[in-house]
Each structure stands twice: as structure tokens, then as C-alpha cells.
Amino acid sequence: MSSNPVNKRLIVGANKPAHGTNVLTNTQEAIREALDRLGYEEAVYELLAEPLRVMTVQIPVRMDDGRTEVFTGYRAQHNDAVGPTKGGVRFHPDVTLDEVKALSIWMSLKCGIFNLPYGGAKGGIVCDPRTMSLGEQERLARGYVRAISQIVGPAKDIPAPDVYTNAQIMSWMYDEYSRIRESDSPGFITGKPLVLGGSRGREAATALGVAIALREAAGRLGKQVQDLRILVQGFGNVGSNVARILHEMGATIVGISDAGGGVYREGGLDIPDLIDQKDSFGMVTPRLANVMPTEEFLVQPCDVLVPAALENQIHADNAPKLQASMVIEAANGPTTPDADQILHDRGIVVVPDVLANAGGVTVSYFEWVQNNQGFYWTEDEVNQRLEAMMVQSVHNILDTAERYSVSPRLAAYMVGIRPFAEAMRWRGWV
Ligand SMILES: NC(=O)C1=CN([C@@H]2O[C@H](COP(=O)(O)OP(=O)(O)OC[C@H]3O[C@@H](n4cnc5c(N)ncnc54)[C@H](O)[C@@H]3O)[C@@H](O)[C@H]2O)C=CC1
Ligand SMILES: O=C(O)CCC(=O)C(=O)O
């Protein structure tokens, strides 16, 4: 989510991950392993390996030059046994149906780990908002809501921001949905601006959660944040806020990157200055000197690597060369299974995405609760509740990993998937 919808942008070409593996089949294998360890029957796996509902839509948009362009969009609702589904909407040229399905399953895991009364969902539109005017983005956002309006709603499925979507896009979607329903519906979507019922703390929530996860995981290894050199990949909503919060906590941010590459400085970067220079799509490197390619960036010396961009960035080719001793996954799906194994064999601690980045959906849940109550919390209340839930969840997962002698990722899958299996039993589905 970019913090500022202002239409200033520095365009760099499409960012297809060079080492793409199928994130859906990888996720299904991990779900299988978690359910096998927990002893659930095959029908539970069959119900949880795919979203219960997927909608594919074609959205006609009148472009500024008068042409009509047709965009493909998706909404995947993984499982609604626990409650309504919840998850962001991504605008990106590389969006695929399998990716959206995998992202919806990961959302369920986050909700399960944090005991949120939701199942997972995710949406995506194949488009490049960096090449679209604000008017074109607005018409696309409104067209998407019209196309999926039957299957979403405050008690059905609640969207939110993700890559290349932001509070402005949430506002247009909220407005469109409220017009269709002829009823003001702030609980339909989260990540709204404060003036439209957004929650204090939501914008930086994912990053704050990542920073807390890092602090807690490092603490278990006897390390203090102030002593750590950190490399952050991605400088959008999550990456730039992670860099800022960790910088404020006293860590040394030695490198940051975006879709154009990365910069590295052994003595630490001036993070507030870099944040001032970034555009609304999380691009800063076009304004900087000595920019290195992403592959070179990821293997620079550091103690902690925080991937905060896209999937499959840590793969079998670069995993043997990483210099970090911890990886805190702020992005969804940044590590391929092959790389995961290599990092494990190298003794590198990986705090998995479904744990580390769940601060976003947690504060989205707080936003929905506040919308439903019509009563709003202070930023301190939001952050204190988030902190308590992050601390508890991080130790729960790391303790579970130790108890069962499994990786933190498998422990997170086991803890996260169980509520869905149990809820389906109570409902009589299995
Ligand atoms: N926004 C949120 O609340 C949450 C986001 N996430 C995940 O965090 C990640 C980042 O999301 P946001 O910061 O919201 O997106 P964003 O759209 O604000 O920023 C994306 C950033 O990634 C960079 N990027 C794109 N391709 C890249 C590449 N190949 N190499 C390096 N950098 C690249 C962009 O230049 C930009 O800096 C995604 O995986 C997203 O799903 C996870 C949980 C919640
Ligand atoms: O805030 C939300 O509801 C969802 C955030 C999201 O899309 C994610 O965690 O990947």
C-alpha cells in the first residue's frame, strides 16, 4: 500500500520474478504437511487446498484517450467456516489466478494464527497502475467493485489494500459499494483514510508488526535490535515503514531497494531522507546514485534481511549466498521452498510471512470492529493491542516449532490451519 496517492511517479518496467515457482502448489504441499501432522482426514485437505469460491471478472474501463480497455480481475475466498473472509486487493501486471488463490490461503493462516474471526480472501487485477492516470485507476477500482459486489460485504468478505493499492483506492471502492447498496457501509473495506472511518495505526501496522516480530525473534537469540544491520527489500508501504520504525528503534539500515534495484551503505542510510524522496509507488532509486541490481543487493553483508516486495525473491540460486543470519518475511511468499530448505540447512532463522506480516490484517480487524461499533480508538490503543497480539503470536509459533521440532513456517501452518479444520467439523462440513 502506498501512503500517498499523489500522482507523481517514477516508472520502471514490469517486475516479473525471475525465479517464479508455483506459489499455489507450494502452499498446497505445505497445507498437506500441516494437516497430516495434525492428523486430519483427506476431506479437510480437499476443502482447504483450494478456495471455496473464486470469481473472475472482466472490467471495461474508459481510458483517458477514449478507448475502452478490458481488465481481468479476481477475488478468491478461501474459507468462511470461521467467519467472513478478509484480504487485500493487488493491482499489478503479474497478477495470476494461482497467485491470488495462494494469497487467499495465506490470509486464512494469518487469521488462524492471530485468532481473528475471519477466513482468508484476496483480490487482484492484472494492470499497471504506474502507467494509468488517477481517473483511470478510479474507474477500474469502481468497476471491480461493481463486478464482485454480490460476493463481498461487511459480513461476507472485506477487502483491504495490498501491492499498488492505497487509501485512495479503498475510498473509491467504499463509495462505489455504498452507492450500490444505497447504505453507508464503512465496514465493507479497511485501509480507509481516517476521515472515512479508517483506523489510526493501520497504515504502518504491517511494518510495526514486522518490527515487533524481528525484535522478539532476535531477543530469543540474545540479540538486541540496536546491534543489528538490516537490509530491506521493497520501499513501498511496508518496506519504507519497516525501515523507518527499525531506524527509530536504533537499528542500522544498511540497504533498501525497490523495483529498480537497491542501495547499500555500510555505515547506515538516511532513512527519513529516502522516505522524503520516494514516490507514491515506493520508487526511490531513480533519484539515487550507485544503485545495484536486486540480485546483488540481496547478498550484501547484514544481520537481518527483510524482504518486503513480491513473491519468490529468495530462491535456490541466491539462498546459499545470503549473508543474513535472520530473514523476517514482510512480503507474502518471498522465499521459495527450495530456498527455505537451504536457509534452514544453513542455520538461518526464517520468521514466516503469515506470522511476521499479519499486523496489517490485525489492525484491519480493529478498523472493522471500530466501524461496526461506531466508536474509535486512539493510536496508542491500536498499537498496544497490536503489540500484545504480535508478541503472543511470535512466541506461540516459535515455541510450537521447538516443541514439535519443525520449522517456524510449518509450525505457523499447523497453528493457522487448525481453527478452519475445527470450525468445519463443528459446522458438519467434514
Ligand atoms: N500493505 C499491507 O498492509 C500488507 C502488505 N503485505 C505484503 O508486503 C509486500 C509489499 O506490499 P506493499 O508495501 O503494501 O506494496 P507497495 O505497492 O506499497 O510497495 C511495493 C514495493 O515493492 C517494490 N518492488 C516491486 N517489485 C520489486 C522487485 N522485483 N524487487 C524489489 N522491489 C520491488 C516496489 O518498487 C515498491 O517499493 C507485498 O508482498 C504485500 O502482499 C503483507 C501484509 C499486509
Ligand atoms: O488488511 C487486510 O485485511 C489484508 C492485508 C493483506 O492483504 C495481507 O496481509 O496480505
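As the structure lists them, so they are numbered: ligands from 1, and atoms in each ligand from 1. For the single chain, residues carry numbers from 1 onward in sequence order. Keep in mind the model is a prediction, meaning the values are calculated, not measured. Quick note: numbers below take in every heavy atom, side chains included, and nothing from hydrogens, waters or symmetry partners.
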task = Would you please write out the protein residues whose heavy atoms approach any atom of ligand 2 to under 4.0 angstrom, listed by chain and number?
result = Lys86, Gly87, Gly88, Met107, Lys110, Lys122, Ala160, Pro161, Asp162, Arg202, Asn332, Gly360, Val361, Ser364
Would you call [X]-[Y] a salt bridge at under 4.0 Å N-O?
{"X": "Asp353", "Y": "Arg409", "answer": "yes"}
{"X": "Asp175", "Y": "Lys192", "answer": "no"}
{"X": "Glu176", "Y": "Arg142", "answer": "yes"}

Any [X] side-chain heavy atom under 4.5 Å of [Y] side chain:
{"X": "Ile125", "Y": "Arg90", "answer": "no"}
{"X": "Leu196", "Y": "Tyr174", "answer": "yes"}
{"X": "Gln58", "Y": "Phe71", "answer": "no"}

Does [X] reach ligand 1 with a nitrogen or oxygen that is under 3.5 Å from one of the ligand's nitrogen or oxygen atoms?
{"X": "Gly282", "answer": "yes"}
{"X": "Arg90", "answer": "yes"}
{"X": "Thr206", "answer": "yes"}
{"X": "Lys122", "answer": "no"}
{"X": "Phe235", "answer": "yes"}
{"X": "Pro161", "answer": "no"}

Under the ring pair (Phe, Tyr, Trp, His ring centres under 6.0 Å) test, residues paired with Tyr118 that sit two or more places apart = Tyr365, Trp368
query = Between the side chains of Asn357 and Thr206, does any donor sit under 3.5 Å from an acceptor?
reply = no
query = Strictly under 6.0 Å, is that where the ring centroids of Phe281 and Tyr164 end up?
reply = yes
Record the part of [X] in heavy-atom contact with ligand 1 below 4.0 Å; permitted values are side chain, backbone, both and neither.
{"X": "Val163", "result": "both"}
{"X": "Glu329", "result": "neither"}
{"X": "Ala308", "result": "backbone"}

Number the atoms of ligand 1 from 1 as they appear, then name those within less than 4.0 Å of a heavy atom of [X], with their elements.
{"X": "Gln233", "value": "30 (N), 31 (C)"}
{"X": "Arg202", "value": "3 (O)"}
{"X": "Asp258", "value": "30 (N), 31 (C), 32 (N), 33 (C), 35 (O), 37 (O)"}
{"X": "Ala330", "value": "7 (C), 8 (O), 42 (C)"}
{"X": "Ala331", "value": "8 (O), 9 (C), 39 (O)"}
{"X": "Ala309", "value": "9 (C), 10 (C), 22 (O), 24 (N), 31 (C), 32 (N), 33 (C), 38 (C), 39 (O)"}
{"X": "Met283", "value": "35 (O)"}

Name each donor-acceptor pair under 3.5 Å that joins a side chain in residues 247-257 to protein atoms two or more places apart or in another chain, with its distance.
residue : atom : partner : partner atom : Å
Glu248  : OE1  : Arg244  : NH1          : 3.3
Glu248  : OE2  : Arg244  : NH1          : 3.4
Ser257  : OG   : Gly234  : N            : 3.4

inquiry  = Please check: side-chain N/O of Thr96 versus main-chain N/O of Glu99, any donor-acceptor pairing under 3.5 Å?
reply    = yes
task = Using atom types as modelled and distance alone, determine if a side-chain donor or acceptor of Asp340 lies under 3.5 Å from a backbone N or O of Thr335.
result = no
key: side-chain contact (heavy atoms from CB on, under 4.5 Å) assessment of Leu214 paired with Ile328   = CA-CA 6 Å; Leu214 190 159; Ile328 312 292; 3.9 Å; yes
request  = From the options Gly262, Ala259, Gly359, select the one whose nearest heavy atom is closest to atom 35 (O) of ligand 1.
outcome  = Ala259
task = Return the option from Asn166, Val354, Asn332 holding the heavy atom at the smallest distance from atom 7 (C) of ligand 1.
result = Asn332
query = Going through the checks in order, is the side-chain contact (heavy atoms from CB on, under 4.5 Å) test met by Tyr144 and Arg75?
reply = CA-CA 10 Å; Tyr144 178 68; Arg75 186 76 186 166; 3.6 Å; yes
task = Using non-hydrogen atoms of the residue, decide whether Glu311 is closer than 4.0 angstrom to ligand 1.
result = no
request  = Assess Lys278 for proximity to ligand 1: is some non-hydrogen atom of it under 4.0 Å away?
outcome  = no
message = Does the Lys NZ or Arg CZ of Arg139 fall within the cation-pi geometry relative to Trp172 - under 6.0 Å from the ring centre and within 45° of the axis?
response = no
Which donor-acceptor pairs under 3.5 Å do the side chains of residues 386-393 make with protein atoms, sequence neighbours left out?
residue : atom : partner : partner atom : Å
Glu387  : OE2  : Arg215  : NH1          : 3.2
Glu387  : OE2  : Arg215  : NH2          : 2.8
Ser393  : OG   : Met389  : O            : 2.8

